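Here's the structure, in structure tokens; my notes come after.
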Amino acid sequence: MLRQAVQSVRHCTRHLLASSREAPLINMEQVRTTVIMEQEFPPRLAKKGYLPKVKLKNRILRMVDRTHDQRTPDITCIMTDFVDGVGMRGDVVTVKRRLFRNRLQPAGLAVYASPENMEKFAKEKKEKGIVDEEKLLGVFGEMTLRQLSGLYLRVPMSGDHPWVLSPKHVRIALRKTGIEAKEHCITLPQHPITGPEEFSFSITINGVKSTMAKGRVVLRFNDPSKNELPELPPTWNPPKKTTQET
């Protein structure tokens, strides 16, 4: 009669007992378990003024659900700062509970999407204004800018003929690196570049934001013996940190 109930209790406390053996009691967290049971044979209704007659079969219970086995839903939150791969300031996103509680909320990068916070942020947006450029750029556009800030581009140019470096040459060098960019998005220094030298240029994304990157012209001759192999930094350096990380 009570065998099913005892088995359910043992199963529910299995994880709690395991954690108590492996970790000190001071670090043990509370495990909330809920088991919903129902009678297999409910007793019949009794007459008014009389208690229902409970028979042996009325004590048989059947498990309906165990709520702690269900997957916990994700959390909808409002971003207060830019986070790679998550969102930008003012975005309402849905993230995993672990990400929100372990990283975003403790660092002040996100808050709960409660009606109060939604109203507060909407009011702040009207007063101070969330930059529309950020919305046009997007979270992945911001990530791309950060990645490009650590670029050291190699631009191969002819060593046998005169030339002047143009955005077209940089665009081709970027394409060889795996980056597609339009010529009007590339801004070179004002002074003409006609030889092997290091230079800085800017790349603009969506016509909104731009970032500075470095490059170097490397000469290539028809005679391979004349080609020099200078020691250059790696093509991709760690991107610059622009937000608070935990």
Side-chain angles (χ1 to χ4, degrees), residues 8-9 11-20 22-38 63-150 185 202-213 237-246:
S8 301
V9 174
H11 190 80
C12 296
T13 57
R14 183 180 302 172
H15 300 289
L16 179 61
L17 294 176
S19 61
S20 63
E22 297 175 0
L25 294 178
I26 191 174
N27 294 331
M28 186 174 60
E29 298 181 358
Q30 180 182 3
V31 178
R32 299 179 180 179
T33 58
T34 302
V35 179
I36 302 175
M37 312 287 291
E38 71 177 8
M63 182 184 300
V64 178
D65 189 14
R66 298 193 307 169
T67 58
H68 54 279
D69 287 344
Q70 299 177 1
R71 181 181 178 183
T72 54
D74 298 335
I75 295 180
T76 303
C77 59
I78 306 174
M79 302 301 301
T80 60
D81 202 348
F82 168 75
V83 178
D84 285 352
V86 180
M88 307 188 67
R89 177 176 174 83
D91 290 348
V92 180
V93 297
T94 301
V95 297
K96 301 294 184 181
R97 305 175 75 89
R98 179 177 300 179
L99 174 63
F100 178 78
R101 293 179 174 175
N102 294 348
R103 180 187 175 189
L104 300 180
Q105 187 183 29
L109 300 175
V111 294
Y112 284 102
S114 61
E116 294 79 8
N117 289 334
M118 295 285 289
E119 182 179 358
K120 177 181 177 181
F121 207 88
K123 183 179 179 180
E124 177 185 347
K125 182 178 179 180
K126 291 182 179 180
E127 294 179 354
K128 299 182 180 179
I130 301 301
V131 181
D132 294 335
E133 296 179 353
E134 296 181 355
K135 295 298 180 181
L136 295 175
L137 188 63
V139 57
F140 292 103
E142 190 72 29
M143 293 172 60
T144 303
L145 281 176
R146 292 188 56 190
Q147 189 70 25
L148 291 176
S149 65
C185 300
S202 67
I203 304 177
T204 306
I205 296 182
N206 294 344
V208 175
K209 278 189 176 182
S210 60
T211 184
M212 297 299 298
N237 295 316
K240 301 177 182 179
K241 297 181 179 180
T242 58
T243 58
Q244 183 180 3
E245 297 182 358
T246 57

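Source: prediction; values computed, not measured. The figures that follow rest on heavy atoms only: side chains count, while hydrogens, waters and symmetry mates do not.
- With sequence neighbours left out, the side-chain hydrogen bond (donor to acceptor under 3.5 Å, both in side chains) criterion links Thr204 to no other residue.
- At least one donor-acceptor pair under 3.5 Å links the side chain of Thr80 to the backbone N or O of Gly108.
- Closest approach of Met37 to Met63, counting heavy atoms only: SD-CA, 3.6 Å.
- The shortest heavy-atom contact between Leu145 and Ile203 is CD2-O, 4.3 Å.
- In terms of the side-chain contact (heavy atoms from CB on, under 4.5 Å) criterion, residue partners of Arg98 (sequence neighbours excluded) are, by chain and number, Asn102.
- Of all heavy-atom pairs between Asp74 and Thr94, the closest is CB-CG2, 3.4 Å.
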Exercise. Walk me through it: do Thr33 and Arg66 pass the test side chain to side chain contact (heavy atoms under 4.5 Å, CB included)?
Key: CA-CA 8 Å; Thr33 58; Arg66 298 193 307 169; over 6 Å; no

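- Side-chain atoms of Val111 and Lys120, non-hydrogen and from C-beta on, never get closer than 4.5 Å to each other.
- Among residues two or more places apart in sequence or in another chain, the side-chain hydrogen bond (donor to acceptor under 3.5 Å, both in side chains) test is passed with Ser210 by none.
- Residues satisfying the side-chain hydrogen bond (donor to acceptor under 3.5 Å, both in side chains) test with Asp65, not counting sequence neighbours, are Gln70.
- Closest approach of Met212 to Ser202, counting heavy atoms only: SD-CB, 3.5 Å.
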Quiz item: Which is it for Gln105 and Ile75 under the side chain to side chain contact (heavy atoms under 4.5 Å, CB included) test, yes or no, and what are the steps along the way?
Solution: CA-CA 11 Å; Gln105 187 183 29; Ile75 295 180; over 6 Å; no

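- Under the rule for a side-chain contact (heavy atoms from CB on, under 4.5 Å), the partners of Val95 that lie at least two apart in sequence or sit in another chain are Cys77, Val86, Val93, Leu99, Phe100, Leu104.
- Here the shortest heavy-atom pairing between Arg101 and Pro106 reads O-CG, 3.1 Å.
- Looking only at distances, no side-chain donor or acceptor of Asp91 sits under 3.5 Å from a matching main-chain atom of Met79.
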